[in-house]
Amino acid sequence: MRKPYLAGNWKLNLDQAGALDLVGKLREMVGQRTDVDVAVAPPYVYLPAVIEALKGSPIRVGAQNMADQVSGAYTGEVAGTMLSDIGCDFVILGHSERRAIYGETDKIVNAKVKLALDAGLDVILCAGETLDERQAGQTENVVHRHLIEGLAGIDAALSSRVTIAYEPVWAIGTGQVATPEQAGEVHTYLRGVLEGLWGDVAAETIRIQYGGSVKPSNVAELMAVEGVDGALVGGAALDADSFGAIVAFNS
Ligand code: PEP
């Protein structure tokens, strides 16, 4: 049985006061619940304050990105070792916004995944097709490539530290959520890809989140889909009541 994993990706939003207000409320809502895993991914600069504010809470804290280098002359970058040094638990990698806006290739994503795992960070690896790719019947090819190339060279022994987020690009921030059938089809496909890559034990253990316009009103329906093990949430994670309601989908 895979424990549901609900993670909020704050992207380029909130200020420090808003971030602390949000996590203060979330901390109370989540309490010491152990039936779900809950995580937040604030902008880099708020990570130390959020980590401090969540000390003693089971809510995990992670970054939205990291460098594909260990150290050196890479102005503006933040290394995985720096994130683990300040107490981050995980990092989101391969988000479609990183791929589309910042030109991240699967090769770059793979370098980051390796460095993150080396640094002791868990990874949420995003995979998902654009609308054009879906309409061209390329969904499986695209998510297959995101997984196979993103996870290339990573030993099955590390699989328990990896979560996959299936995020159809056409559903991110659009309000156009995938149907349970669409999500279920891709999640089943992705689990098969993981089985081919790392074997059946790993494939049965790894959590695959759905991401794309998840809201309190649709989360229960999505979470009821076989193989959907959680959600990666953008817009609806910026408000304590709405993310709290998503986290409480099963109560
Ligand atoms: C995301 O950015 O990962 C995301 C799923 O965003 P939203 O929930 O706003 O669609």
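In each ligand, atom 1 is the first atom listed, and ligand 1 is the first ligand listed.
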If you link I, L, V, M, F, W and Y whenever their side-chain heavy atoms are under 4.5 Å apart, who else ends up in the same group as Leu131?
Trp170
Write down, by chain and number, every protein residue that brings a non-hydrogen atom to less than 4.0 Å from an atom of ligand 1.
Asn9, Lys11, His95, Glu167, Ala171, Ile172, Gly173, Gly211, Gly212, Ser213, Leu232, Val233, Gly234, Gly235
Charged N to carboxylate O under 4.0 angstrom, Asp68 versus Lys112?
no
Would Arg191 and Glu204 pass as an ion pair if we require N to O under 4.0 Å?
no
Would you say Gln64 and His95 are linked by a side-chain donor-acceptor pair, where the criterion is simply a distance under 3.5 Å?
no
Keeping the roles fixed (side chain from Asn218, backbone from Lys215), state whether a donor-acceptor pair exists under 3.5 Å.
yes
For the residue pair Tyr210 and His187, categorise the inter-ring angle as parallel (less than 30°), tilted (30 to 60°) or perpendicular (more than 60°).
tilted
